[in-house]
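Naming: A, B, ... by sequence-line order, numbering from 1 per chain. Keep in mind that what you see is a predicted model, and the values were worked out from it rather than measured.
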There are 2 protein chains.
Amino acid sequence: MAKRGPYEKGEAKRREILRVALEVFAEEGYRGTSLRKVAARCNLSLPGLMHYFASKEDMLTQVLRARDEAGRAHMEAYTGPDPHTESIREGARTPGLVELFVSMAAACGDPEHPAHAFFAERYPQFRTRLAGVFEELAAAGTLDGVPVPPERLAVLMLAVADGIQLQWLNDRSIDMEQPVKDLMALLGVAAARRP
Amino acid sequence: MAKRGPYEKGEAKRREILRVALEVFAEEGYRGTSLRKVAARCNLSLPGLMHYFASKEDMLTQVLRARDEAGRAHMEAYTGPDPHTESIREGARTPGLVELFVSMAAACGDPEHPAHAFFAERYPQFRTRLAGVFEELAAAGTLDGVPVPPERLAVLMLAVADGIQLQWLNDRSIDMEQPVKDLMALLGVAAARRP
DNA sequence: GTCTATACATGGATAGAC
DNA sequence: GTCTATCCATGTATAGAC
């Protein structure tokens, strides 16, 4: 399974492309960023770049995936009540990527879309993880009296985290963490943490 | 102010184009719908259509504006606690338009984007209206004990309504009304309506 | 396997005639 | 106000060099 030798160089180049693409999107936004521009930054011709990816959207999907995995490590260990906050804070530094994420999420409803599988996986995964967190809180009695079950709380929290990004894209002065905190406060969790 | 004569025909044609464009987007989705396709449906050539709009995105913006005004009448009179529910229900019938809306909202962070002004108006407007509703509820004592002020509740509710659309675009089986109801339930409003 | 050159189809945009 | 013709950029597909 240890693929050494001929693959090594190509893999490195592929990662370099993803890294450069991430940069370009973060700087100039998703819109108006052509593959030729990315290719040029990698000292490559367009077809040279396309050797590594089946299509543009395939590349975008891999960018998203790489980004997602990078961010995942960042909050893997986090088991607190608001696991989203950390990734949100990181996203606030890269508007282009937030735009990319939201645009792709909006466009990939079509089953033919290359990113369809990505989000079709990602959303349920996120919901399940969040639901798990809320179930723990419920088991601990922290959610006593809350009239919404953990699964629906997960949907709600995810909607808040996604939705606030849309507002933020249109007004950068908006605090992306506040609504997450507010929702937690509504659940009474904040009160429980009072020293 | 009553512009009669030469303008009448052009205005009618412009509205027809917007109506047709709305149809096409609703049917075939926002992605993969070219201006030539829209033009053909209006018995026009591409430049014939472009006579009415500065650019593609300018046209999309006007489509959004027309759509928004049409929907506004639908809920103008509504003063209840969840004014979003009605428009959400209507949106559920036209995935293409929801996709268009979200995509534009994601892309228009750039001040140069034609839709920038539209959303820069729309979001604060919505927040203000929602904040007003929550302030009324607060004045009536319905929000006693809620640890979040009306303005932030408005941001929160808007985020929920926008965010659930993203989830819905990726999984049509998701109930777009439920999270709105759940948030209201968390605010204790549902309890107040118990008979 | 890695990459260049080239050709093609389609999209949005513009110029200028009618 | 609308068309024909044209232009440029983009994503994509193919042929083939190394």
Side-chain angles (χ1 to χ4, degrees), chain A residues 2-21 24-25 28-64 100 103-104 107-108 110 112-116, chain B residues 3-21 24-25 28-64 96 99-100 103-104 107-108 110 112-115:
Chain A
K3 293 180 182 178
R4 272 310 166 99
Y7 292 105
E8 203 174 354
K9 182 187 169 192
E11 261 304 301
K13 194 78 184 175
R14 202 186 117 273
R15 270 195 297 271
E16 184 200 338
I17 294 173
L18 289 178
R19 187 179 50 74
V20 170
V24 179
F25 290 140
E28 307 183 27
Y30 161 59
R31 238 184 68 237
T33 297
S34 70
L35 292 185
R36 281 176 174 87
K37 215 179 284 181
V38 176
R41 281 233 213 170
C42 299
N43 295 98
L44 239 69
S45 66
L46 214 204
L49 189 153
M50 291 309 287
H51 172 251
Y52 296 92
F53 307 96
S55 69
K56 179 189 185 180
E57 293 185 318
D58 174 45
M59 191 190 91
L60 296 182
T61 304
Q62 292 201 36
V63 168
L64 288 181
L100 174 64
S103 295
M104 294 293 273
C108 73
D110 177 8
E112 300 305 308
H113 196 289
H116 179 76
Chain B
K3 293 183 183 177
R4 273 307 164 100
Y7 292 106
E8 203 175 356
K9 184 186 167 192
E11 260 303 300
K13 194 77 184 178
R14 203 186 117 274
R15 272 195 295 271
E16 184 200 336
I17 294 173
L18 288 178
R19 189 180 49 75
V20 170
V24 179
F25 290 140
E28 308 183 26
Y30 158 58
R31 239 185 68 237
T33 297
S34 69
L35 290 187
R36 280 178 173 87
K37 216 179 282 181
V38 176
R41 280 234 213 169
C42 299
N43 295 101
L44 270 164
S45 67
L46 212 209
L49 188 150
M50 292 304 287
H51 173 252
Y52 295 94
F53 307 96
S55 70
K56 179 190 187 180
E57 293 187 323
D58 173 47
M59 191 190 90
L60 295 182
T61 304
Q62 292 200 35
V63 168
L64 287 184
E99 190 193 336
L100 174 63
S103 296
M104 293 292 275
C108 74
D110 178 9
E112 301 304 308
H113 196 288

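- Counting only heavy atoms from C-beta on, B:Pro47 has its side chain closest to D:dA5 among C:dA13, D:dA5, D:dG11.
- Distance CG (A:Leu44) to P (C:dC3): 5 Å, rounded to an integer number of Å.
- Projected onto DNA chain D by closest heavy-atom contact, A:Ala54 and A:Lys37 fall at different nucleotides, the more 5' of which corresponds to A:Lys37.
- Atom CG in B:Leu46 sits roughly 16 Å away from atom P in D:dT6 (whole-Å rounding).
- Contact annotation: the side chain of B:Ser103 approaches that of B:Glu99 to within less than 4.5 Å [non-hydrogen atoms, C-beta and beyond].
- In this structure, CE of A:Met50 is placed 15 Å from C1' of C:dC8, rounded to the nearest angstrom.
- The CZ atom of A:Arg31 sits 15 Å away from the C1' atom of C:dG11 (whole-angstrom rounding).
- Taking each heavy atom of A:Leu49 and A:Leu35 in turn, the nearest pair found is CD1-O, 3.9 Å.
- Comparing D:dT12, C:dG1, C:dA13 by their nearest atom to the side chain of A:Ser55 picks out D:dT12.
- Counting to the nearest Å, the C1' atom of C:dT14 and the NE2 atom of B:His51 are 14 Å from each other.
- Contact annotation: the side chain of B:Met50 never approaches that of B:Met59 to less than 4.5 Å [non-hydrogen atoms, C-beta and beyond].
- Computed from coordinates, the A:Leu49 CG to D:dA13 C1' distance equals 15 Å when rounded to whole Å.
- Considering only side-chain N and O atoms, A:Ser45 lies nowhere under 4.0 angstrom from the phosphate OP1 or OP2 of C:dC3.
- Rounded to an integer number of Å, the gap from CZ of A:Arg14 to P of C:dG1 is 14 Å.
- Residue B:Arg36 places its side chain closer to C:dA13 than to any other of D:dT4, D:dG11, C:dA13.
- The pair A:Glu112-B:Arg31 does not count as a salt bridge, with every side-chain nitrogen at least 4.0 angstrom from each carboxylate oxygen.
- B:Lys56 has its NZ atom 8 Å from the C1' atom of C:dG11, to the nearest Å.
- In this structure, of C:dT2, D:dG1, D:dC3, it is D:dG1 that holds the atom nearest to the side chain of B:Tyr52.
- You'll find that the side chain of B:Ser34 is closest to C:dG11, out of D:dT12, C:dA13, C:dG11.
- Checked by atom type and distance alone, the side chain of B:Lys13 never pairs as donor or acceptor with a backbone atom of B:Glu8 at under 3.5 Å.
- Among the atoms of the strands shown, none is found under 4.0 Å from any heavy atom of A:Asp58.
- Along DNA chain D, the nucleotide nearest A:Leu35 and the nucleotide nearest B:Glu11 are compared for position; the residue whose nucleotide lies closer to the 5' end is B:Glu11.
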